[in-house]
There are 2 protein chains.
Amino acid sequence: MKPTPTSSSIEDYVKVIYSFTEWQDKPITSTQLAARLGVANSSVSEMVRKLKDQDLVEHEPYSPIRLTRSGLRLALSMVRRHRLLETYLVRELGYTWDEVHEEAELLEHAVSETFIQRMADKLGNPTRDPHGDPIPDADGHITMPPSHRLDELDAGHRGRVSRISDHNPELLRYLDEHGIGVDTELEIVGRRPFGGTLEVLAAPAGSKDMDRAVRLDLGDEAAVSLWVVTDGSHPGCTVQELTGGSLMSPHTASP
Amino acid sequence: MKPTPTSSSIEDYVKVIYSFTEWQDKPITSTQLAARLGVANSSVSEMVRKLKDQDLVEHEPYSPIRLTRSGLRLALSMVRRHRLLETYLVRELGYTWDEVHEEAELLEHAVSETFIQRMADKLGNPTRDPHGDPIPDADGHITMPPSHRLDELDAGHRGRVSRISDHNPELLRYLDEHGIGVDTELEIVGRRPFGGTLEVLAAPAGSKDMDRAVRLDLGDEAAVSLWVVTDGSHPGCTVQELTGGSLMSPHTASP
DNA sequence: CCTATTATTTCGGTGTACCTAAATAAATTA
DNA sequence: TAATTTATTTAGGTACACCGAAATAATAGG
Ligand SMILES: [Mn+2]
Ligand SMILES: [Mn+2]
Ligand SMILES: [Mn+2]
Ligand SMILES: [Mn+2]
């Protein structure tokens, strides 16, 4: 419960801890966190102790790591920064969706709260980034569409692409070349068992019937990176991730 | 002569060393460098040793510090980054000229070379920042207008404001409120001796005659922060600061 | 239930960029 | 010139964010 001097490392740790539970509910372990951050396990142990001192995470030795309320606040502010930056880079500076993640990963730690606000205003307060990920608002509210990972869906199902993991630029370029992007309509034709390819029909955003759809085989990496909302699921629920107070606190007096 | 792993500290040191000689020719001393960076003298001694190892500066103990050719290259790339960012913030995100310096001071270390290029393209490759400072082009060429500091000019002289030091936001706001900005026409009416105020007439950019000009007293801090080109001086000389190679080298493979 | 494997933490150590205090060189002044 | 003042460097130490290797806890297999 120290006075919380933040740093880009702390920001990244907290953001990764948050991201892990964004689309499923198991909390992250030390080893998983290390893998995602590209650091040694021992580094995570030390940093988690520090995060706990600063009341950003809950943690008992040898058990998974959970964000506290103020950790969640910081995480959401970083996620907001990251996704707004990605959106800005695409809309205002002509970046493609496979270029933005890396750039945003650094910029998110360097821009001021003022910058974020001006950017959000200029963009009209968008609610989805270029990969379909929801952008938390300035108060920490975030709307999660009820999505399913493509590899968990059976043949015959249809859906609209709601998000695509942005961590592999090559995959993004591949999908783009084959006409798959946010809001693309997909139908699962069939699947080869035991982690083989997934056969899908893809039609551009908005096409309700699959006439002009393209047939495509997707490998495992694509299948676990694509999320869809199935027809007839509820429109999306606003998750009140935080109550009270805006997100700007940790960054108003940063450096 | 090490393989040059750069860092934001190194970038700031080199940039400050460069800036010191941008408008006069004495090289910077250890103490002056420490003062401008806001660090202890001892920190400068250590860092200068490292800069010398990396062939970014020339330095003999107890003597002033000079950039080498590759130090100058790095410095110009940082100055370009800083000034393009300031220009972008004003033109695209509605910042005022007193807000941009601090923001650019951090962003300059975080943006990629791609970001710089896209920004420069969008702005139409500007050659002056919001404070009138010249922006080096991508090859390290920079055009310095033949400017004089206002406090070095005698009564009766006229000139056009070519640059205003951007380090004091309060001063920038003050000058702005009183109608002084880049390209304002100034005439020195008189001065109180011994560091007193300087009395000037100020007319908006473009006004050739001083009829609608405003009378104003400027204190010492304002006088040393304002630079003017006097009527009838040559139009400005392109200084070939670097020959061969573009500036992008140190940043293409940063983190 | 004991053992082997795996997960996690602890320990000792590194590089960067700072700091204060002490030592030394250079420049002034008497 | 000698003494004093000022500038600069060196010495010793801190915080941060890492690392590999060793120790320890948890889990899984027999
Ligand atoms: Mn990051
Ligand atoms: Mn994204
Ligand atoms: Mn800087
Ligand atoms: Mn400027």
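The figures that follow rest on heavy atoms only: side chains count, while hydrogens, waters and symmetry mates do not. Letters A, B, ... mirror the listed sequences (proteins, then strands); counts begin at 1.
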Sort me out a list of protein N/O and nucleotides 12-16 of chain D N/O pairs below 3.5 Å, or just none if empty.
none

What pairs of nitrogen or oxygen atoms, one from the protein and one from nucleotides 3-7 of chain D, lie under 3.5 Å apart?
none

Query raised in the report: Which pairs with one or both residues in residues 37-49 of chain A pass side chain to side chain donor-acceptor pair (under 3.5 Å), sequence neighbours excluded?
Result: none
Query raised in the report: Got a sec: does the CD of B:Gln24 have more than 12 other heavy atoms crowding it under 6.0 Å?
Result: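 Yes, CD of B:Gln24 has more than 12 neighbouring heavy atoms, counting only those of other groups under 6.0 Å.
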Report task. Anything under 4.0 Å to a heavy atom of chain B counts; send over the first and last such nucleotide of DNA chain C, read 5' to 3'. Result ->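 First and last nucleotides in contact are C:dT16 to C:dA26.
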Query raised in the report: Separation of A:Ile10 atom CD1 from D:dC18 atom P, in whole Å?
Result: 10 Å
Query raised in the report: Just how far, in rounded Å, is C1' of D:dT8 from CD1 of B:Ile65?
Result: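 To the nearest whole Å, that distance equals 10 Å.
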**Report entry** ring pair (Phe, Tyr, Trp, His ring centres under 6.0 Å): pairs with one or both residues in residues 70-90 of chain B, sequence neighbours excluded
**Finding:** B:His82-B:His101
**Report entry** Presence of salt bridge, A:Glu99 and B:Arg118, under 4.0 angstrom
**Finding:** yes
Query raised in the report: Are any of the side-chain nitrogens in A:Glu108 or A:Lys15 under 4.0 Å away from the carboxylate oxygens of its partner?
Result: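 A:Lys15 and A:Glu108: salt-bridged.
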Query raised in the report: Would you find a donor on one side and an acceptor on the other, under 3.5 Å apart, between the side chain of A:Ser147 and the backbone of A:Pro145?
Result: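 Yes, A:Ser147 side chain to A:Pro145 backbone: donor-acceptor pair under 3.5 Å.
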**Report entry** Under 3.5 Å: donor-acceptor pair, side chain of A:Arg81, backbone of A:Val111
**Finding:** yes
Query raised in the report: With a non-hydrogen cut-off below 4.0 angstrom, is B:Ala40 in contact with a base, only sugar-phosphate, or nothing?
Result: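 Since a base atom lies under 4.0 Å of B:Ala40, the category is base.
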Query raised in the report: Would you say the side chains of A:Tyr174 and A:Glu170 form a donor-acceptor pair under 3.5 Å?
Result: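 Checked: A:Tyr174/A:Glu170 side chains show no N/O donor-acceptor pair below 3.5 Å.
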Report task. Describe, in one word, how the ring planes of A:His131 and A:Trp97 are oriented to each other, choosing from parallel (under 30°), tilted (30 to 60°) and perpendicular (over 60°). Result ->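 Ring orientation of A:His131 relative to A:Trp97: parallel.
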Report task. Name all residues meeting the side chain to side chain contact (heavy atoms under 4.5 Å, CB included) criterion together with B:Ser70; count only those two or more places apart in sequence or in a different chain, and write none if there are none. Result ->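 Testing B:Ser70 for side chain to side chain contact (heavy atoms under 4.5 Å, CB included), a comparison that skips the adjacent residues, returns B:Asp55, B:Leu56, B:Thr68.
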Query raised in the report: Taking the side chain of B:Ser42 as heavy atoms from C-beta outward, which of D:dT10, D:dC18, D:dT9 is closest to it?
Result: D:dT10
